[in-house]
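Heavy-atom basis, side chains included; hydrogens, waters and symmetry copies ignored. Letters go in sequence order (proteins before strands), and every chain restarts at 1.
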Amino acid sequence: MNIFDLYQRHLSAVIEDLVAAGRLPAGLDLSRVVVEPPRDAAMGDLATNAAMVLAKGAKTNPRALAELLSEALTAVPGVAGVAVAGPGFINLTLAPGVYRDVMRAVLTDGKDFGRGAADGVPVNVEYVSANPTGPMHVGHGRGAVFGDALANVLAFAGRQVTREYYINDAGGQVDVLARSAFLRYREALGQDIGEIPEGLYPGDYLKPVGAELAARFGDTLEAKPEAEWLPIARDVAIAGMMAMIRDDLAALGIHHDVFFSERTLHGANGGAIKAAIDALTQRGFVYRGRVPPPKGQLPEDWEDREQLLFRATDVGDDIDRPLMKSNGSYTYFAADVAYLENKHARGFRELIYVLGADHGGYVKRLQAVGRAIGGKEMEVIVLLCQLVRLLRDGEPVKMSKRSGDFVTLREVIDEVGRDAVRFMMLFRKNDATLDFDLAKVVEQSKDNPVFYVQYAHARCASVFRQAAEVLPGASMVGEALASHDFSRLNDDSEVEILRRLAQYPRVVQASALSHEPHRVAFYLYELASAFHSLWNKGKDSPQLRFINADDRDLTTARLGLVLAVRSVLASGLAILGVAAPEEMR
RNA sequence: GACCCCGUAGCUCAGCUGGAUAGAGCAGCAGCCUUCUAAGCUGCGGGUCGCAGGUUCGAAUCCUGCCGGGGUCGCCA
């Protein structure tokens with residue numbers, strides 16, 4: 001039950017009635033009309049800009065139209081008061097019964113309160129896609145958590161979501177990986193390999209791969225020429241890296257539906273890439289030509305030559321993009337064209353890419369490919385996650401990548417836990433840089449948002465543990481509590497909580513629509529705050545405590561409120577992928 | 001040189017796709033509490049929304065141009 005949607009529909013009906021009665025002209029554009037929470041709760045429960053937006057079309061002024069609308073709105077069920085304010089806002093005060101209906105909806109719908117109707121429209125969310133050449137770092141972690149929470153909120157809103165990971169297992173870097181692994185293989189055979197040469201991956205994480213190669217192949221690879229051992233070392237190394245990455249993702253509670261290998265696009269005779277380029281060629285998007293050299297300092301080895309290009313400038317990009325390298329192999333971008341074509345062929349018309357901020361330059365060309373392949377009905381949405389600064393007590397954590405000895409995502413998860421990582425990654429807009437303080441995120445105090453929100457949930461659980469002792473035999477489940485009379489929940493703090501609960505469906509909806517899961521995190525913080533506030537009031541005013549042994553009726557009503565809060569907190573935390581603990585020990 | 005992101009209270013950040021007197025948490029100040037619902041409570045002060053134009057009934061929000069901070073930009077992946 002979304003009261004904002006509900007009253008928006010009521011409002012539309014009121015307007016239609018006025019049109020039918022000839023008091024408003026037909027053909028008004030209602031698309032900009034919104035029903036939202038007023039800026040100040042003292043103004044009422046709902047506010048609409050209808051009069052201001054429609055005044056011009058109705059050939060009147062906002063205040064006059066507001067008067068007309070408000071007169072009609074008084075007759076709408078659940079409306080207890082209507083007031084015109086400011087430049088033409090209409091503020092609605094709702095009858096208390098409406099919030100009781102919201103409570104009942106929360107209690108009976110449980111986990112499904114706020115869930116959008118399944119629309120069956122598929123959306124592909126590609127996130128993480130870290131190269132299989134080493135462990136993930138904290139920046140990958142942000143994209144991983146963001147993409148996962150985004151997928152969750154889209155699914156909650158009713159979308160049919162596919163979570164996808166693109167494995168960059170083709171090209172030169174995996175050959176480097178293979179050679180690095182081969183070195184570790186020789187090491188595992190007992191040879192002295194000395195320093196890891198420049199240009200190879202130095203990290204210890206390849207030692208297990210070397211050991212595996214030694215265990216499976218003994219010393220048989222050593223005598224072979226590189227052309228023979230390299231594919232073997234490569235496959236074993238990639239498999240090892242992906243296992244490690246998937247394990248780290250699992251530690252964050254992240255599981256993709258599809259792991260898509262870039263290598264499968266190359267295939268025999270150019271495979272899918274050739275086919276995709278052929279298709280683009282037929283539509284006139286491919287030609288042989290030259291690209292201008294990059295501005296600024298000209299690269300040393302820049303060669304101006306004719307090559308195979310994608311006419312990206314026809315579909316919104318700044319420059320045409322090369323599809324083939326001088327050595328005759330396809331560019332990374334060419335594989336991306338084929339991959340996007342593959343997604344299109346699987347029926348997706350909405351593609352979301354979650355990328356790191358360092359891929360900002362990639363946005364336009366991806367969207368260009370989308371347009372070239374799918375035309376206007378293809379929507380390519382690229383969301384960039386800005387950098388993460390890792391701190392400890394306010395001091396930057398040193399990260400030297402040179403030795404391969406940088407702070408990995410796994411180390412951070414192991415130190416502070418999955419919940420802290422996930423919540424803090426989501427407690428910021430994706431396009432703002434994020435300070436992640438290893439010390440602060442594990443503090444058990446109200447200054448730590450993770451703790452603050454989880455603690456609110458734990459307190460709810462604690463109330464029920466106590467209620468079971470004080471009121472043995474009392475019903476504690478949603479279905480039963482829902483039928484109770486909630487009219488005695490009228491303290492300011494209680495009403496504030498009811499208002500917050502009523503906003504949840506709207507927040508989730510907006511979060512999905514705007515691709516901003518952080519809105520859910522901030523909402524939960526506010527709901528937790530309202531709940532803690534009421535809890536604290538109970539310290540000074542015993543009559544406001546949830547459990548009053550001598551007033552069973554009031555206690556039951558409050559248990560309904562607490563269960564509703566608990567339910568919404570749990571629901572929101574589930575979207576974020578953060579645990580909702582019973583207690584905080 | 002071009003492109004992307006950011007710029008809101010002393011600090012860290014929200015601001016619900018253009019609404020009303022711009023909000024929260026820290027820090028600061030002033031009280032209360034020292035526990036009964038463990039990891040305190042209540043209140044107060046604090047803003048030229050980077051700057052300058054523009055769009056309109058209305059701009060922190062949209063457009064243009066500057067300023068400042070960060071990032072990216074070759075056949076790498």
Does [X] reach a base, just sugar-phosphate, or nothing at all? Heavy atoms under 4.0 Å.
{"X": "A:F333", "answer": "nothing"}
{"X": "A:P62", "answer": "nothing"}
{"X": "A:A47", "answer": "base"}
{"X": "A:N91", "answer": "base"}
{"X": "A:G538", "answer": "base"}

In whole angstrom, give the distance that lies between atom [atom1] of [X] and atom [atom2] of [N].
{"X": "A:Y455", "N": "B:A39", "atom1": "OH", "atom2": "P", "result": "4 Å"}
{"X": "A:R500", "N": "B:A14", "atom1": "CZ", "atom2": "P", "result": "17 Å"}
{"X": "A:R39", "N": "B:A14", "atom1": "CZ", "atom2": "C1'", "result": "12 Å"}
{"X": "A:E516", "N": "B:A14", "atom1": "CD", "atom2": "P", "result": "10 Å"}
{"X": "A:L434", "N": "B:G70", "atom1": "CG", "atom2": "C1'", "result": "14 Å"}
{"X": "A:Y523", "N": "B:C13", "atom1": "OH", "atom2": "P", "result": "25 Å"}
{"X": "A:R519", "N": "B:G15", "atom1": "CZ", "atom2": "P", "result": "6 Å"}
{"X": "A:Q454", "N": "B:A39", "atom1": "CD", "atom2": "P", "result": "16 Å"}

So what's [N] paired with, Watson-Crick or G-U wobble, going by both distances under 3.5 Å?
{"N": "B:C3", "value": "B:G71"}
{"N": "B:C26", "value": "B:G10"}
{"N": "B:C57", "value": "B:G19"}
{"N": "B:G65", "value": "B:C51"}

Between [X] and [N], is there a contact of a side-chain N or O with OP1 or OP2 at under 4.0 Å?
{"X": "A:R63", "N": "B:C57", "answer": "no"}
{"X": "A:K539", "N": "B:U42", "answer": "no"}
{"X": "A:N536", "N": "B:C41", "answer": "yes"}
{"X": "A:H359", "N": "B:C76", "answer": "no"}

Nearest-nucleotide pick for [X], side chain only, options being [options]:
{"X": "A:R428", "options": "B:A14, B:U17, B:A77", "value": "B:A14"}
{"X": "A:A510", "options": "B:A77, B:A39, B:C16", "value": "B:C16"}
{"X": "A:M584", "options": "B:A39, B:A77, B:C6", "value": "B:A39"}
{"X": "A:K446", "options": "B:A20, B:C76, B:G40", "value": "B:G40"}
{"X": "A:E262", "options": "B:U72, B:G58, B:A77", "value": "B:A77"}
{"X": "A:K364", "options": "B:C3, B:C57, B:C16", "value": "B:C3"}
{"X": "A:S533", "options": "B:U42, B:A14, B:A20", "value": "B:U42"}
{"X": "A:H518", "options": "B:G15, B:G40, B:A77", "value": "B:G15"}
{"X": "A:K56", "options": "B:G25, B:A77, B:C57", "value": "B:C57"}
{"X": "A:D447", "options": "B:C26, B:C6, B:G15", "value": "B:C26"}

When the ring centroid of [X] is compared with that of [Y], is the distance short of 6.0 Å?
{"X": "A:F423", "Y": "A:Y452", "value": "no"}
{"X": "A:Y523", "Y": "A:Y504", "value": "yes"}
{"X": "A:F522", "Y": "A:F427", "value": "yes"}

Lys/Arg N to Asp/Glu carboxylate O, [X] vs [Y], below 4.0 Å:
{"X": "A:E516", "Y": "A:K429", "result": "no"}
{"X": "A:R558", "Y": "A:D551", "result": "no"}
{"X": "A:D435", "Y": "A:R389", "result": "yes"}

Nearest-angstrom distance, [atom1] atom, [N] to [M]:
{"N": "B:A20", "M": "B:U61", "atom1": "C1'", "answer": "15 Å"}
{"N": "B:G18", "M": "B:G70", "atom1": "P", "answer": "31 Å"}
{"N": "B:U8", "M": "B:A52", "atom1": "P", "answer": "16 Å"}
{"N": "B:U17", "M": "B:A60", "atom1": "C1'", "answer": "13 Å"}
{"N": "B:G50", "M": "B:C6", "atom1": "P", "answer": "12 Å"}
{"N": "B:A27", "M": "B:C36", "atom1": "P", "answer": "25 Å"}
{"N": "B:C26", "M": "B:G40", "atom1": "C1'", "answer": "16 Å"}
{"N": "B:C51", "M": "B:G68", "atom1": "P", "answer": "15 Å"}

For a quick check, tell me whether the side chain of [X] and the base of [N] share a donor-acceptor pair closer than 3.5 Å.
{"X": "A:N49", "N": "B:A20", "value": "no"}
{"X": "A:R506", "N": "B:C16", "value": "yes"}
{"X": "A:Y525", "N": "B:A14", "value": "no"}

Describe, in one word, how the ring planes of A:Y166 and A:Y339 are oriented to each other, choosing from parallel (under 30°), tilted (30 to 60°) and perpendicular (over 60°).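 Judged by the thresholds at 30° and 60°, the geometry between A:Y166 and A:Y339 is parallel.
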
Within a 6.0 Å radius of atom CD on A:E306, are there more than 12 heavy atoms belonging to other residues, nucleotides or ligands?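 For A:E306, atom CD is crowded (more than 12 foreign heavy atoms under 6.0 Å).
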
Heavy-atom count check: over 12 atoms from other residues, nucleotides or ligands less than 6.0 Å from A:K274 NZ?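 No, NZ of A:K274 has 12 or fewer neighbouring heavy atoms, counting only those of other groups under 6.0 Å.
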
Return whichever of A:V53 or A:Q173 has its heavy-atom-nearest nucleotide of RNA chain B closer to the 5' end.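 Closer to the 5' end of RNA chain B: A:V53.
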
More 5' along RNA chain B: A:E526 or A:A85, using each one's nearest nucleotide?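 Here A:E526 is the residue nearer the 5' end.
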
Enter syn or anti for the glycosidic conformation of B:U17, syn applying to angles within 90° of 0.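 Syn for B:U17; the angle stays within 90° of 0.
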
